[in-house]
Asks: 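Pasting in a structure now, in structure tokens, and then I'll have a few things to ask.
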Amino acid sequence: MRMTRLHAPTLKEAPKDAEVQSQKMLVRGGYIRKLAAGIYDFLPLANRVLRRIETIIREELDAAGAQEVRLPMVQPAEIWEESGRWGFYGPELLRLVDRKGGNFCLGPTHEEVIVELVRRDVRSWRALPLNLYQIQTKFRDEIRPRAGLMRGREFLMKDAYSFDVDDASALVTYDAMYQAYERIFARCGLDFRAVEADTGAIGGSRSHEFQVLADSGEDAIVSCDTCDYAANVEQAELPVPAAGGGPESAAVEVVATPGQRTIEEVSAFLGLPAERFIKTLVVTVDGRPYAVLVRGDHEANLLKVKRLLGAASVELATDAEVVAATGAPVGFAGPVGLKGVDGILADHAIAGLRDAATGANLADAHRIHVDAGRDFDARYADLRLAGDGDPCPRCDGRLRGFRGIEVGHVFFLGTKYSAPMRCNYLDEAGQERPMVMGCYGIGVSRIMAAAVEQNHDERGIVWPAAIAPYEVVILPLQMNKPEVVEAAEQLYADLARAGFDVLLDDRNERAGSKFIDAELIGIPYRIAIGARDLAEGNVEFKQRAGGDMERVALAEVTSRLQAARAERAR
RNA sequence: CGGGGUGUAGCGCAGUCUGGUAGCGCGCCAGUUUUGGGUACUGGUGGUCGGAGGUUCGAAUCCUCUCACCCCGACCA
């Protein structure tokens with residue numbers, strides 16, 4: 001491709017609404033343009049990157065036995081009512097009404113559509129397992145789209161759905177997809193971790209996220225420094241700590257703490273370290289108030305509360321609800337004598353606490369010398385959020401915290417959709433059974449952004465070669481020197497013939513502009529042709545990812561690039 | 001949805017307080033010049049000042065309403 005023909009409008013300055021590096025660089029490099037909040041145009045360079053990612057996905061999924069389909073984006077409400085999600089999904093589901101008054105939505109995901117497709121035509125155990133996937137634009141009306149492509153409303157996604165005869169077979173499929181995912185992200189040149197994850201709104205019983213490690217990631221994950229345990233912090237389990245205990249403290253005493261609400265304030269005021277505090281959160285569980293206790297230096301994980309109680313919703317109580325439950329303003333709740341709640345739940349770390357401090361359920365007052373067990377009772381469980389430095393639940397190692405960008409997610413769904421939607425088959429005994437499903441997503445456009453987040457420098461993008469829009473860029477440095485232009489044209493033709501995706505910067509620009517744009521766009525290999533070196537029959541070869549500038553004979557360029565390719569493949 | 005902020009040329013911004021009919025840098029077009037890290041100079045193109053209504057002799061500027069976008073939070077996962 002010639003730069004004079006390529007529609008890649010590069011910018012010197014990033015638009016002011018760009019927030020993260022990937023967004024700034026993709027906009028500046030002429031890859032994307034924003035049309036509306038969370039909705040982007042993909043220009044030719046971006047389209048090429050997306051296609052290369054798609055190709056890797058298709059190769060690996062086809063090899064794993066999946067088949068590609070294309071499903072509608074506009075979906076009728078009926079199938080969502082049947083699965084129970086029409087009422088459940090919330091405003092994130094963009095709903096439409098057609099001219100006849102029929103209700104539809106833009107597909108945020110395709111479980112309903114695929115189940116409708118499969119149950120219609122698949123009746124026999126002989127047809128299973130079946131695994132279908134598509135690569136398609138999805139729409140989720142996010143309340144707040146942000147971070148460019150990383151959390152848009154419209155985005156490109158690969159979604160796959162598997163159907164098996166039983167759990168054992170479905171787990172084999174799950175593992176095959178898990179391994180295909182590892183190959184896909186590795187081939188894309190990403191540094192990632194597969195982590196145990198919550199199943200969330202999709203539902204199901206087993207789930208892993210594939211997280212690209214990047215400081216700008218929205219997700220917090222922990223990974224053991226010794227074994228291979230890794231999990232989203234929302235999901236991460238913590239081992240039950242050794243029972244604390246110790247001598248009984250003095251009798252509980254109420255002390256005045258005027259205006260001191262946060263652990264930090266009270267800790268400073270009373271001169272007690274945060275780990276001697278019992279933090280008391282009032283939460284509303286399916287409409288009923290509960291107290292959740294965690295140590296002052298810990299954070300509660302409300303998802304764990306939700307799972308423990310099997311609740312549909314758990315949220316932090318409003319100020320009014322706190323007052324109703326504790327009789328005191330927000331900031332002074334405590335477990336001692338707490339009557340206004342349906343139950344008191346406490347993290348394991350609370351069990352051994354002696355001589356602790358906590359809210360007094362009175363305005364401007366706290367209690368000290370509080371002993372767990374003596375002064376209050378609670379139901380103990382693992383309720384806190386894991387973090388950097390916490391013990392691993394599987395071995396003696398320590399958990400380390402990372403930020404991640406979720407680029408893939410695999411779910412073991414079981415019969416969550418197949419049972420209510422009657423997606424059944426007949427087994428060998430002629431018995432009707434629900435199919436056992438799995439679903440598997442990859443954020444294709446998000447991979448593009450994540451790759452940039454993980455691979456850039458101050459000058460621009462540094463694409464992993466496997467997903468770069470072009471492999472080589474040729475820069476003729478003096479367009480007024482016929483021999484330079486001629487050599488560049490010849491090399492361009494030769495490299496194309498040798499099977500390289502090559503870009504020729506044939507613009508009548510100065511050398512500086514060409515270098516700067518080539519670095520911004522991030523093409524892995526750069527061949528600069530200048531009159532001085534050319535007189536000796538040489539050109540300059542440089543890899544975007546680093547390394548020194550190499551002087552290479554013009555005739556050797558193709559073999560030098562082939563060597564670079566081979567090096568990469570190792 | 002709550003809080004905060006911004007809308008003026010393709011991009012980045014000044015002008016708004018104190019009303020007088022729109023400007024700077026970059027880009028783009030033409031020419032000259034230059035040619036190994038965003039050359040220099042000259043000339044030029046380009047704007048319903050987010051939109052509607054109002055006040056006024058006169059509104060980018062003041063008032064009312066409205067839309068869009070961004071940030072923090074909640075939400076989602």
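Quick note on labels: first sequence line is chain A, next is B, and so on, each numbered from 1.
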Asks: Test of understanding: with side-chain contact (heavy atoms from CB on, under 4.5 Å), list the residues that count as partners of A:Glu299, not counting sequence neighbours.
Replies: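 Expected list: A:Leu385.
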
Asks: What's the shortest heavy-atom distance between A:Gly107 and A:Gln75, and which atoms?
Replies: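 Taking every non-hydrogen atom into account, CA-NE2, 3.3 Å.
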
Asks: Could you check whether A:Thr109 and A:Glu111, counting side-chain N and O atoms only, form a donor-acceptor pair closer than 3.5 Å?
Replies: yes

Asks: Partner of B:G58 by Watson-Crick or G-U wobble geometry, both contacts under 3.5 Å, or none?
Replies: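 Matched B:G58 with nothing under the 3.5 Å cut-off.
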
Asks: Output side-chain donor-acceptor pairs under 3.5 Å for residues 440-454 of chain A, partner residues at least two apart or in another chain, one line each.
Replies:
residue	atom	partner	partner atom	Å
A:Tyr440	OH	A:Ser162	OG	2.7
A:Ser445	OG	A:Leu156	N	3.0
A:Arg446	NE	A:Met150	O	2.8
A:Arg446	NH1	A:Glu406	O	2.7
A:Arg446	NH2	A:Met150	O	3.0
A:Glu453	OE1	A:Ser216	OG	2.6
A:Glu453	OE2	A:Ser22	N	2.8
A:Glu453	OE2	A:Ser22	OG	2.7
A:Gln454	OE1	A:Asp191	N	2.8
A:Gln454	NE2	A:Asp191	O	2.8
A:Gln454	NE2	A:Leu213	O	2.7

Asks: Do A:Asp41 and A:Arg33 sit within salt-bridge range, that is, some charged N less than 4.0 Å from a carboxylate O?
Replies: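 Not counted as a salt bridge, because no side-chain N and carboxylate O are separated by less than 4.0 Å.
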
Asks: Closest approach to the side chain of A:Arg146, judged atom by atom: which nucleotide of B:U39, B:C76, B:G73 is it?
Replies: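 Side chain of A:Arg146 sits closest to B:G73.
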
Asks: Tell me, for nucleotides 9-16 of chain B in 5' to 3' order, what letter each nucleotide earns: B for a base near a protein heavy atom under 4.0 Å, S for only sugar-phosphate near one, - for neither?
Replies: --SSS---

Asks: Who does B:U48 pair with, Watson-Crick or G-U, both distances under 3.5 Å?
Replies: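 When the pairing criteria are applied, nothing turns out to pair with B:U48, so the answer is none.
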
Asks: With sequence neighbours left out, what residues match A:Asp533 under side-chain contact (heavy atoms from CB on, under 4.5 Å)?
Replies: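 Residues passing side-chain contact (heavy atoms from CB on, under 4.5 Å) with A:Asp533: A:Asn538, A:Glu540, A:Arg551.
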
Asks: Could you state the atom-to-atom distance from CG of A:Asp517 to P of B:G38 in whole Å?
Replies: 12 Å

Asks: Strictly under 3.5 Å: I want the nitrogen or oxygen pairs between protein and nucleotides 27-33 of chain B, one per line.
Replies:
residue	atom	partner	partner atom	Å
B:G27	OP1	A:Lys12	NZ	3.4

Asks: My understanding is that a pair needs two contacts under 3.5 Å, Watson-Crick or G-U wobble. By that rule, which nucleotide pairs with B:A74?
Replies: none

Asks: Any Lys/Arg nitrogen of A:Asp457 or A:Arg544 sitting under 4.0 Å from an Asp/Glu carboxylate oxygen of the other?
Replies: yes

Asks: Whether A:Glu550 and A:Arg560 form a salt bridge (side-chain N of Lys/Arg under 4.0 Å from carboxylate O of Asp/Glu) is what I want to check.
Replies: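 Salt bridge flag = yes for A:Glu550 with A:Arg560.
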
Asks: Considering every strand and a 4.0 Å limit on heavy-atom distances, what is the contact class for A:Arg459: base, sugar-phosphate, or nothing?
Replies: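 Here A:Arg459 touches the bases of the nucleic acid.
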
Asks: A:Glu540 near the nucleic acid: base, sugar-phosphate alone, or nothing, with a heavy-atom cut-off under 4.0 Å?
Replies: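 Here A:Glu540 touches the bases of the nucleic acid.
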
Asks: Provide the Watson-Crick or G-U wobble partner of B:C69, both distances under 3.5 Å; none if there is no partner.
Replies: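 When the pairing criteria are applied, B:G5 turns out to be the nucleotide that pairs with B:C69.
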
Asks: With the side chain of A:Arg510 defined as its heavy atoms from C-beta on, choose the nearest nucleotide among B:U39, B:G38, B:C69.
Replies: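 The nucleotide sitting nearest to the side chain is B:U39.
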
Asks: Nearest heavy atom decides the nucleotide; on that basis, is A:Arg153 or A:Ala511 closer to the 5' end of RNA chain B?
Replies: A:Ala511

Asks: Between A:Asp219 and A:Arg403, is there a salt bridge with N-O shorter than 4.0 Å?
Replies: no

Asks: Please give the nucleotide sitting opposite B:G23 as a Watson-Crick or G-U wobble pair, both distances under 3.5 Å, or none.
Replies: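 Result: B:C13.
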
Asks: Does A:Glu182 have any salt bridge (Lys or Arg N to Asp or Glu O under 4.0 Å) partners at least two apart in sequence or in another chain, and if so, which?
Replies: none

Asks: Would you find a donor on one side and an acceptor on the other, under 3.5 Å apart, between the side chain of A:Lys514 and the backbone of A:Pro476?
Replies: yes

Asks: Keeping A:Trp463 on the side-chain end and A:Ile521 on the backbone end, is there a donor-acceptor pair under 3.5 Å?
Replies: yes

Asks: Mind running a 4.0 Å heavy-atom check of residues 471-485 of chain A against RNA chain B and sending the residues that fall below it, in number order?
Replies: A:Leu477, A:Gln478, A:Asn480

Asks: Hey, which of these two, A:Phe515 or A:Glu92, hits RNA chain B nearer its 5' end, going by closest nucleotide?
Replies: A:Phe515

Asks: Do nucleotides 41-48 of chain B as a string where each nucleotide becomes B, S or -: B if the base has a protein heavy atom under 4.0 Å, S if just the sugar-phosphate does, - if no protein is that close.
Replies: --------

Asks: Is A:Arg526 paired with A:Glu519 through a side-chain N to carboxylate O contact shorter than 4.0 Å?
Replies: yes

Asks: Looking at A:Phe411, does the NZ or CZ of A:Arg206 lie under 6.0 angstrom from its six-membered ring centre and within 45 degrees of the ring axis?
Replies: no

Asks: How is A:Glu519 classified with respect to the nucleic acid when contacts are heavy atoms under 4.0 Å: base, sugar-phosphate, or nothing?
Replies: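 The answer is base, as A:Glu519 lies within the cut-off (heavy atoms under 4.0 Å) of a base atom.
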
Asks: Among residues at least two apart in sequence or on other chains, which ones pass salt bridge (Lys or Arg N to Asp or Glu O under 4.0 Å) with A:Arg507?
Replies: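 In terms of salt bridge (Lys or Arg N to Asp or Glu O under 4.0 Å), with neighbours along the sequence ignored, A:Arg507 is linked to A:Asp505, A:Asp517.
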
Asks: Searching all strands shown, indicate the nucleotide that pairs with B:U32 (Watson-Crick or G-U wobble; both distances under 3.5 Å).
Replies: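 Pairing partner: B:A40.
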
Asks: Just to verify, what does A:Tyr178 make a ring pair (Phe, Tyr, Trp, His ring centres under 6.0 Å) with, not counting sequence neighbours?
Replies: A:His208, A:Phe210

Asks: For RNA chain B, what residues of residues 520-536 of chain A have any heavy atom nearer than 4.0 Å?
Replies: A:Arg526, A:Gly530, A:Asp533

Asks: Using Watson-Crick or G-U wobble geometry with both distances below 3.5 Å, tell me the partner of B:G53, or none.
Replies: B:C63

Asks: Do side-chain atoms of A:Arg95 reach the backbone of A:Phe104 as a donor and acceptor pair under 3.5 angstrom?
Replies: no

Asks: Nearest to the side chain of A:Met549, which nucleotide is it out of B:G36, B:A77, B:C70?
Replies: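 Side chain of A:Met549 sits closest to B:G36.
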
Asks: Could you give the CZ-to-C1' distance, from A:Phe210 to B:A77, as a whole number of Å?
Replies: 17 Å

Asks: Hey, can you pull the residues of residues 447-454 of chain A with a non-hydrogen atom under 4.0 angstrom from RNA chain B?
Replies: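 Output list: empty, so none.
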
